[in-house]
Amino acid sequence: MTRYNPSEIESKWRGAWDAAGSFHTDEDGDKPFYVLEMFPYPSGRIHMGHVRNYTLGDVVARFKRAQGFSVLHPMGWDAFGLPAENAAIENKVHPAKWTRENIATMRDQLKTLGLSIDWDREVATCEPEYYKHEQKMFLDFLREGLAYRRESWVNWDPVDQTVLANEQVIDGKGWRTGAPVEKRRLSQWFLKITAFSEELLSALDSLDRWPDKVRLMQRNWIGRSEGAVLRFEIPGRAERLECFSTRPDTLYGMSFCAIAPNHPLTEELSKDNPALAEFVAECNRMGTSEEVIETAEKKGFDTGLTVRHPFMPDREFKVFVANFVLMEYGTGAIFGCPAHDQRDMDFARKYGLSVTPVVLPPGEDPATFTLADEAYTGEGALFNSDFLDGMSVTDGIRAAIDRLESLEAGTGRVTYRLRDWGVSRQRYWGCPIPIIHCLSCGAVPVPDSDLPVKLPEDVTFDKPGNPLFHHPTWKNVSCPSCGGKAERETDTFDTFFESSWYFARYADPHNAEKGFTRESAARWLPVDQYIGGIEHAILHLLYSRFFTRALKQCGYLDVEEPFAGLFTQGMVCHETYRDEKGAWLFPSQVRRDGDAAVHVDTGAPVTVGRSEKMSKSRKNVVDPVDIVNSYGADTARLFMLSDSPPDRDLEWTESGVEGAWRFLSRVHRSIAEDDGGLAPIGTARPGSLSDAAAEAERLTHKTIDGVTQDLERFHFNRAIARIREFSNALFGLKGDGDDMRWVRRFGFETLTRLMAPMTPHLSEELWSTLGHETMLVDEAWPVADATMLVEDTVTVGVQVNGKLRATIELPRDCDKAKAEELALAEENVQRALDGNAPKKVIVVPNRIVNIVA
RNA sequence: GCGGGCGUGGCGGAAUUGGUAGACGCAAGGGACUUAAAAUCCCUCGAUCUUUGAUCGUGCCGGUUCGAGCCCGGCCGCCCGCACCA
């Protein structure tokens, strides 16, 4: 008796695939297909989220390969980033060493999953062979005007002497030091993603193999709004005040203007106005967290300036500096119409400004309509508005813009919420920005011949701040332009920079001259199927879309969109456990005892909490390595794919894993221990089959058809349900006549082939057990015989007044009269009719008969 | 506040997109095998009742339809994204 021994089987077949070069990318085949999963950050160990992500991708890759596609399925490492620096500081290990060791560990772990990856194409973004190309890209962007430098605000930790990302600022304090975070102004590099705002928005419509949800999130993020820029005269001053508004139709309801605390005009005025300067400082102190914004009161400071109304030159309105006006959006200045904007209303009530309604809600009387403290933002007819009176909001907007343009007091304008991408990070473990700062020449690009600018590895982390800044020699260079004394840029790129083009590098991973050739990009891009977490719905995907367009503009490639198909997987969740003191416990420390749960060692009661995303902080994690060691990779993979649809969250349960294990053991046992019930390989189909054998044959074809469709549509959980149903029928077949022996072989072989994308090792083993000398990985995907998919008879439900009363067997496509006759003949139907004649009979062929009594 | 999604047995989820609700699995209960256990195999498994059958049942209320888990209107609940974006 041969027991199912996954560790033996799995290492054997991984070795065989390796030796045969089974997953080597075919550069010549005429059906290229690029499957890509988001590459991992080398944190040290793989987690269940990786297992799910890479299993999903591997099912697609193996399925497509079997269907005859030349599949590109690579893997690499998103290897720059903050955790490496944290490890350096905490454990005194160099980020490079830490990262490379983590990569080695995780590569080994990933390999045990049996993924059909071409490891010859592996890339690690922290290596100069990779990042030298993005330095070149950056310089090309600079030449094209797609990169530029300007001052920008950052979160500064005064103790660590470092810049903090927004998520490292907790309650206004540095996450590590607890010191109050300061706002600092630094010169930083930006990529001009806003040059593509409209394109990035409109091209979303063409991404029809992306989830609607992700497209919507990107749409909102880009945030297009149509409106007008108004240029208000400021009596006593030469310049005008520019305000953006989506509602120029409400101009007659205006009662003030407000400008941002960091508006240039504010900065000028506060120079000789200490009270204003103090107000601005107060605004800057105010955090930007959700909670603060939610509860913050609208506050303003009267500048003493006024603006003149464009349509009513005799009317002037006060200009305030207001804490709720953002410099980053529009022009950093607004006109306030309290009646039709809640923020303006709050502000007007606080400072006693006038509230003039100019949009009349339907059914209201203009003579009596007033507003309390709620602004009216709906549709209606304009009134109190001179030439706009009677118009709808939409017509009013157009008419107001026309008038503003004729008065040269404004113009129609489209504004986007999207802002340029700041790529400078004051960090060590990242790609050096290839710029040299010269006192006389300014920021000078490093010449191509001097690339790459290598990140020096002889650094220490004993001083706070960026080690590049303290490096004794690296920084000091001569200016490439004038030869004078100069310094290197010590900032490095945001790590989203590396992940914005890695998918293209895989097309040509060993090219030392270029990031990739146009030809390789033309062959493989865009990625046919990209798979990853929803958490990257906006930034990573948007940056990659931008990068692809920027690269196209610089002549690198000819596509605009990097990812033709996108699938976003759900999270892997697990119950949470806490002991009596409230401390989190690992699942391995907990034993379930019916409804109760107790500590494995002490027997003390354990509180079971709701299921949440697996996370180290809550300890509700299960280590994939443990699962692979005790059940094998195929069981882990099968469980990942069973039950939960891939786009929904998956609940990890021990019993579910056991169920997957039981199923695989059963398949193994049933096929490996089959004693003589199988026809030899290549036996022709017998001329006639018994009913049972014919039914099994038909089911086999139906299963091929169903599983194929399910895999194509990412319904992996249904594919597995179908396979289980199929195997239940198959293993229950009795008899050893020629027909049974033939159909059993046909069924068993089909089963192993259909399971191969999900459980590749076991399938390969069984393929061999069934007597094949070739490897299953090289076999073509089975194709169903279409004539076998239709039954001769169908079971049709019979309803009386919509309620099911019977089912009848009918010949396929049987005529309506016959169906009606047979339906009415049913005893239960007659009883339900209770002697009444049917008023009407609806017959839907092959579906249902409904009798209306 | 704005935008989006989802509510189906004890649980995860199926349901050819308007046509037999609950596939497949998990858990539970019963039985067989065994000295015993594990493993395995078989049976039951939405609720209620007057149990060869009937009634109810897809968050709640209503509508359209011969027929609604699916479509429409209104509620309730949960989840996600954005958030002073003018």
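Keep in mind that what you see is a predicted model, and the values were worked out from it rather than measured. Values reported hereafter were calculated over all heavy atoms of this structure, with side chains retained and with hydrogens, waters and symmetry mates removed. Lettering of chains follows the sequences in order, A, B, ..., and the numbering in each one begins at 1.
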Mind checking if [X] touches a base, just sugar-phosphate, or nothing, with heavy atoms under 4.0 Å?
X      : value
A:S225 : sugar-phosphate
A:R417 : base
A:R343 : base
A:L326 : base
A:R419 : base
A:G659 : sugar-phosphate
A:N717 : sugar-phosphate
A:N728 : sugar-phosphate
A:K803 : sugar-phosphate
A:R662 : sugar-phosphate
A:E651 : nothing

- request: Would you mind telling me which residue lines up with the more 5' stretch of RNA chain B, A:V796 or A:S245, judged by nearest nucleotide?
  value: A:V796
message: If you assign each of A:M217 and A:I851 to its closest nucleotide in RNA chain B, which residue comes earlier from the 5' end?
response: A:I851
Need the glycosidic conformation of [N]: syn if within 90° of 0, anti if not. Which one?
N     : value
B:G9  : syn
B:U58 : anti
B:U17 : syn

If the plane angle is over 60° it's perpendicular, under 30° parallel, otherwise tilted; pick one for [X] and [Y].
X      : Y      : value
A:F232 : A:F335 : perpendicular
A:F301 : A:F279 : tilted
A:F311 : A:Y252 : tilted

Is the shortest side-chain N/O distance from [X] to OP1 or OP2 of [N] below 4.0 Å?
X      : N     : result
A:R666 : B:C41 : yes
A:K840 : B:G67 : no
A:T415 : B:C85 : no
A:R648 : B:C79 : no

Selected nucleotide, minimal atom distance to [X] side chain, candidates [options]:
X      : options             : result
A:Q799 : B:C82, B:G19, B:C66 : B:G19
A:V844 : B:G19, B:G53, B:U20 : B:G19
A:V325 : B:C66, B:G13, B:A86 : B:A86
A:N828 : B:C24, B:A54, B:A83 : B:A54
A:R718 : B:G53, B:A15, B:G13 : B:A15

query: So, is the end of the A:R417 side chain (NZ or CZ) under 6.0 Å from the ring centre of A:Y329 and within 45° of the ring's axis?
result: no
Base-pairing assignment for [N] (Watson-Crick or G-U wobble, both under 3.5 Å):
N     : answer
B:G25 : B:C11
B:A54 : B:U48
B:G18 : none
B:U40 : B:A32
B:C2  : B:G81

message: Counting the benzene-type ring for Trp, do A:F256 and A:F347 have ring centres under 6.0 Å apart?
response: yes
query: Is the A:W210 to A:F567 ring centre distance short of 6.0 Å?
result: no
query: For the residue pair A:V849 and A:A823, what are the closest heavy atoms and their distance?
result: CG1-CB, 3.8 Å
Whole-Å distance separating the CG atom of A:N323 from the C1' atom of B:C84: 9 Å
task: Send over the distance from A:F726 CZ to B:C24 P, rounded to a whole Å.
output: 15 Å
- request: Check whether the side chain of A:K213 and the base of B:C80 form a donor-acceptor pair under 3.5 Å.
  value: no
